[in-house]
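Below is one structure, written out as structure tokens, with a few remarks after it.
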Amino acid sequence: MATEGGDERTRVDPAADGRADYDYTGGSVDRPGLVADLEALIDGEVRFDEFTRTLYATDASAYEVTPIGVVFPTDTADVVAVMNYCEERAIPVLPRGGGTSLAGQTVNEAVVLDFTHHMDGLVEIDADMREATAQPGVRLGDLNAELAEEGLKFAPDPAWGDKSALGGAIGNNSTGSHSLVYGKTDAYIEELEVVLGNGTVHRFGEITIEEWRRRADADTFLGRVYAELLEIAEENAETIRSAYPELKRNVSGYNLDRLVEEYRAVEAGDRETVNLARVFAGSEGTLGIVTEATVSLEPIPETKAMALLAYDDLITALEDVAPILEFDPAAVEVLDDVLLDLARDTSEFGELVEETLPEGTGSVLLVEFYAESDADGRQRVAELLADRQPATAVEGSVDADDRPTTDAPVRSFYAAEAHAEADRERFWKLRKSGLPILLGRTTDEKHISFIEDTAVPPEHLPEYVADFKAVLEENGTFASFYAHAGPGCLHIRPLVNTKTVDGVEQMRGIAEGATDLVLEYDGSVSGEHGDGRARTEWNRKLYGEAVFEVFRSLKNTLDPWWLLNPGQVCGDAEMTENLRFDPDYEFDPGFEPALQWDNDNGFQGMAELCHGCGGCRGPQETTGGVMCPTYRAADEEIQSTRGRANALRAAMSGDLDVEATDPEFVAEVMDLCVGCKGCTNDCPSEVDMAKLKAEVEYAHHRDHGTSLRERLFAEIDWTAKWGSRLAPLANRVDAIPGARTLLEKTVGIARERALPTFRRESFADWFEARGPAVPAEAAERRVLLLPDTFTNYTDPEVAKAAVRVLEAADVHVEVPDVGSSGRAAYSKGFLGAAAERAQDVVTTLAPRIEDGWDVVVCEPSDAVMIQDDYASLVSGADVDLVGEYTYSICEYLDVHRLDEAFDLAPDDETAPDEALVYHGHCHQKATKRDHHAVGVLRRVGYEVDPLDSTCCGMAGSFGYEAEHYSMSQAIGEQLFEQVDTVDADPVAPGASCRTQLGDREGAETPDHPIQRVDAALDG
């Protein structure tokens, strides 16, 4: 069965709204004549502005090279036009996918072609042939989501597959954790449409040797290409075979060993054709630009099973890899003591390590099997454990006379199994802890990826790692060893400070020693992440002069002017040049930070933290999580956390000729951050962009002043208080014809937004008149219920429901007179006012907490403000005390299991028989407090479907602002689609979220979860 289609997502650019004050560009435009020429030639966008060039100067590597400009082609014709134009003028060209490369192969002084913007479609799926045809910019995660409907997948699984692009996988010859089964990308390339260095388009694929020779006789550019490839296969075969290591994981240099292997297989009668398209795998865009690819597919495994083996130390674990491979696993992954010790000290992974591993664990092997059934998976794990850890194997689970065995000694001291999907995910989470831990350093020393994927035959791993540790020790540093032990490719990131001359020399010394070891142990300089700027210079050392000259001859033939990503693979790129952080690097934010930063290097450390992996560039459908809502809405690099972080660092280091507080920079880079805080949890490095934004906006206010609207929103508690006092008269303004248009023109509030409805009687007034129903002396617990602005003045029913629910649990409730939390002021960059509010709240509440009171808040953003953000504004033990004893309402019920007093079991006839779809608040998700409401709702009888959703897009005042309305709606559309596909009533704890959902045509404003709990009690 064949299906056709493209990218079905309809992208409506928020910047198209005439009120939007952004266009994703900024600064001066370089080479305007070149821009005008290219714009006349193609349908795609051409951006040579300073902001865009800065954004594309980095990738996930340690390197930075400012490009000439960036082009977003719409089709192959655009690519041809750019290539022809640049070829005539000797202008380099660089194809780029997701920019997730770790060796620096996607940064260059060239015209960058970003394929992920437009050329990201799935063209066709042929399930019967197990093939798919797609454009180079399609994300592997999106591709596999489509293929999953046919029970198929693109098999290579790089770690960032849901963010990296198919073209990048081809350019890097990517693979992943399951390369023991699937190998590398080259094995799945069937046909490629390629734009060559002279601007011509050709399709490469399977070809008979006879046809190959016929085409090689043509006296044309293409004929010379075929002739060069034929000469390599016929004349240089033995040289290549003797020079290339026999490894499953080798992506150094050009992919000539496969070319020779297939040619010889045809000569031997073992196959009929050679696939010339596979030569482009791993070429990093230096031989041609892939504009369409047909790839073969694999069936999705029926199920999987895993075993975890614990060892005293890393070397002992690695000695067990070769015996484990006898059991034909799909993956064998290793973690060392450095990584495990770091994981134990983190809030994210500490509990996982302690609960999963026994005391004394110095290294872990994770072994995964693909299985035809659960029984098959259990059998395969049982066979492994019977041989590798018989003490923990289930007795009688394996026939002793009919199972695989090895004669290797038992080296592990503990083993565990995982068969259910949740249990397997727990094991994999342990393995994947490596990246965020290593990348979370805010010191000048970083774990840099310059020799991180060297590979050796797995039987050599113990000796190789021992020698590698000696190299690190000689150079005065250390590294963690983890990842793909099965195929012999370990991730090794030494801790190096390249801001110093000594650090750069240290980097080179480690690389020299590491590559010496690679040769000694018959390995490869790169087993996964390619050559790029980090490893190109070592290819001559790895393969020898003869093979290196073959590389250069091939490059000369396909790209005679060396315009395609010049310098890479067989060029002159040097490892220690073009470093993002080098001895000449300087950092000056241009202002004194106002917030407290408890990380190493403070504000600077956070501003420099993003390493560029692109974890913020994943779509909601395949990546999930909160981050990054504006990128998901706009599909623009500048709106990703990576883009903002790179731009901010560049502005503060002088790489960008603009101050971070300048109006254009703030409007284009910082203002569209909605402050969701998702990056503090979803970003592998935990970049806190919301906090960085607060600092920049505060400094911007000091330099450029504030507007009336900014002041009104920052002091929303004052505004709402007067709206309440003037109600119902204040509520009639919204109904006056033309009032909304006038408000937009004068204040800048979007005309599409209805103003809040103010209540004459605030919640605080209601409670003062009513008083507590549970006497303090009779209560089990005492609570101070803080009336946040919106709950107090516009939606008091939420707080009233909270009072009733708390009192039903025998809680004594009082409402303190403390005013607002300062959340609105903080969000708008009024940090002085926010700090004053924080100090007032802390001073008022701390003595009460010391007397045994707890603090409860209905609005999640205000709760998180007190729990998390106050520590950035004010200091002292009282701040920590108040933060520790402050809860959101459902969090309080869940943590103390107060809902158990309600005696409402789900099967109770008085329990509600309703289905709810729950959209959690992004601040609670970021601080891992989002699950509490779901637990409470379920225990009182609701069927709850929690959404894996991003920010609603309202984000406090953001969605009211005229210039941001279109972006707010574009973000919201992602949530609307999720809510509308579930046949259940939505609930949301955030006032902004409920407003956004309720503003849809024909929609009702959802309830706060506590209102549903209250309704369940009311029965």
Side-chain angles (χ1 to χ4, degrees), residues 159 177 306-321 324 329 331-368 384-385 388-389 391-392 410-418 422-443 445-449 452-454 458 461-462 464-466 468-470 472-473 477-486 488-495 600 611 613 681 684-686 928:
S177 295
M306 293 187 72
L308 179 151
L309 294 161
Y311 300 84
D312 292 325
D313 54 64
L314 175 63
I315 301 301
T316 304
L318 295 176
E319 288 172 342
D320 229 14
V321 172
I324 289 172
V332 182
E333 302 284 298
V334 69
L335 291 84
D336 73 349
D337 58 326
V338 173
L339 195 57
L340 293 175
D341 288 344
L342 290 171
R344 287 188 181 97
D345 293 335
T346 65
S347 59
E348 172 76 7
F349 301 105
E351 184 178 348
L352 177 67
V353 172
E354 295 301 327
E355 291 182 356
T356 307
L357 303 178
E359 188 175 350
T361 300
S363 185
V364 167
L365 289 180
L366 294 174
V367 185
E368 184 171 72
L384 173 70
L385 297 187
R388 295 294 79 221
Q389 212 340 276
T392 54
V410 173
R411 298 183 175 94
S412 65
F413 66 86
Y414 170 82
E417 302 181 35
D423 294 333
R424 298 197 309 268
E425 287 179 355
R426 187 175 180 82
F427 281 7
W428 276 112
K429 183 180 180 181
L430 182 67
R431 151 64 180 89
K432 292 176 181 178
S433 66
L435 192 64
I437 292 170
L438 295 178
L439 300 183
R441 284 185 179 271
T442 57
T443 60
E445 294 177 313
K446 303 288 185 184
H447 288 281
I448 300 176
S449 58
E452 80 144 9
D453 61 326
T454 51
L461 278 175
Y464 169 71
V465 168
F468 206 123
K469 286 190 170 187
L472 294 172
E473 188 173 346
T477 189
F478 70 95
S480 175
F481 294 75
Y482 71 103
H484 317 305
C489 180
L490 301 184
H491 289 342
I492 310 166
R493 290 193 176 203
L495 191 64
D600 291 318
H611 76 289
C613 73
N681 185 55
S685 299
E686 299 183 352
K928 301 179 178 63

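What you are looking at is a predicted structure, and each value in this text was computed from that prediction instead of being measured. In this chain, residues are counted from 1 in sequence order.
Here the straight-line distance linking atom CD1 of Ile324 with atom CD of Glu319 works out to 12.0 Å at 0.5 Å rounding. Summarising the geometry, atom CD belonging to Gln389 is positioned 4.0 Å from atom OG belonging to Ser412; distances are rounded to the nearest 0.5 Å. Thr392 contributes atom OG1, which lies 8.0 Å from atom CD of Glu417 (distance to the nearest 0.5 angstrom).
Annotation: side-chain hydrogen bond (donor to acceptor under 3.5 Å, both in side chains) contacts of Thr454 (sequence neighbours excluded): Tyr464. With sequence neighbours left out, Asp312 forms a side-chain hydrogen bond (donor to acceptor under 3.5 Å, both in side chains) with no residue at all. Considering only residues two or more places apart in sequence or on other chains, Tyr311 meets the ring pair (Phe, Tyr, Trp, His ring centres under 6.0 Å) condition with none of them. Applying the side chain to side chain contact (heavy atoms under 4.5 Å, CB included) criterion to Leu357, with sequence neighbours excluded, gives Leu308, Leu340, Val353, Thr361, Val364, Leu430. Judged as a side-chain hydrogen bond (donor to acceptor under 3.5 Å, both in side chains), and not counting sequence neighbours, the contacts of Asp341 are Arg344. Partners of Glu359 under the side-chain hydrogen bond (donor to acceptor under 3.5 Å, both in side chains) rule, at least two apart in sequence or in another chain, do not exist in this structure. Looking at residues two or more places apart in sequence or on another chain, you find a side chain to side chain contact (heavy atoms under 4.5 Å, CB included) between Ser449 and Leu102, Glu452, Arg493. His491 is linked by a ring pair (Phe, Tyr, Trp, His ring centres under 6.0 Å) to Tyr482, His484, His529, counting only residues two or more places apart in sequence or in another chain. In terms of the side chain to side chain contact (heavy atoms under 4.5 Å, CB included) criterion, residue partners of Pro458 (sequence neighbours excluded) are, by chain and number, Val321, Leu325, Leu461. Residues passing the salt bridge (charged side-chain N to carboxylate O under 4.0 Å, His left out) test with Asp320, sequence neighbours excluded: Arg388, Arg411. Taking the side chain to side chain contact (heavy atoms under 4.5 Å, CB included) definition, one finds that Ala159 meets it with nothing, sequence neighbours left out.
Looking at Thr442, its side chain does come within 3.5 Å of a backbone N or O of Asp600 through a donor-acceptor pair. Counting only distance, with no hydrogens or angles, the side chain of Glu445 and the backbone of Leu495 share no donor-acceptor pair below 3.5 Å. Side-chain atoms of Asp336 come within 3.5 Å of backbone atoms of Phe481 as a donor-acceptor pair (strictly under, hydrogens ignored).
Residues Val332 and Pro329 approach most closely at CG2-CG, 3.6 Å, considering heavy atoms. Shown here for Phe413 and Pro358, the closest heavy-atom pair between the two residues is CE1-CG, 3.6 Å. Heavy-atom minimum distance, Ile315 versus Pro462: CD1-O, 3.6 Å.
Contact of the Trp428 side chain with the Glu368 side chain is registered, since non-hydrogen atoms from C-beta on lie closer than 4.5 Å.
Of the residues Thr316, Leu339, Val334, Leu318, the one that meets the side-chain contact (heavy atoms from CB on, under 4.5 Å) test with Ser363 is Val334.
Within the structure, salt bridge (charged side-chain N to carboxylate O under 4.0 Å, His left out) contacts touching residues 426-439 (residues at least two apart or in different chains) are Glu333-Arg431, Glu348-Lys429, Glu355-Arg426.
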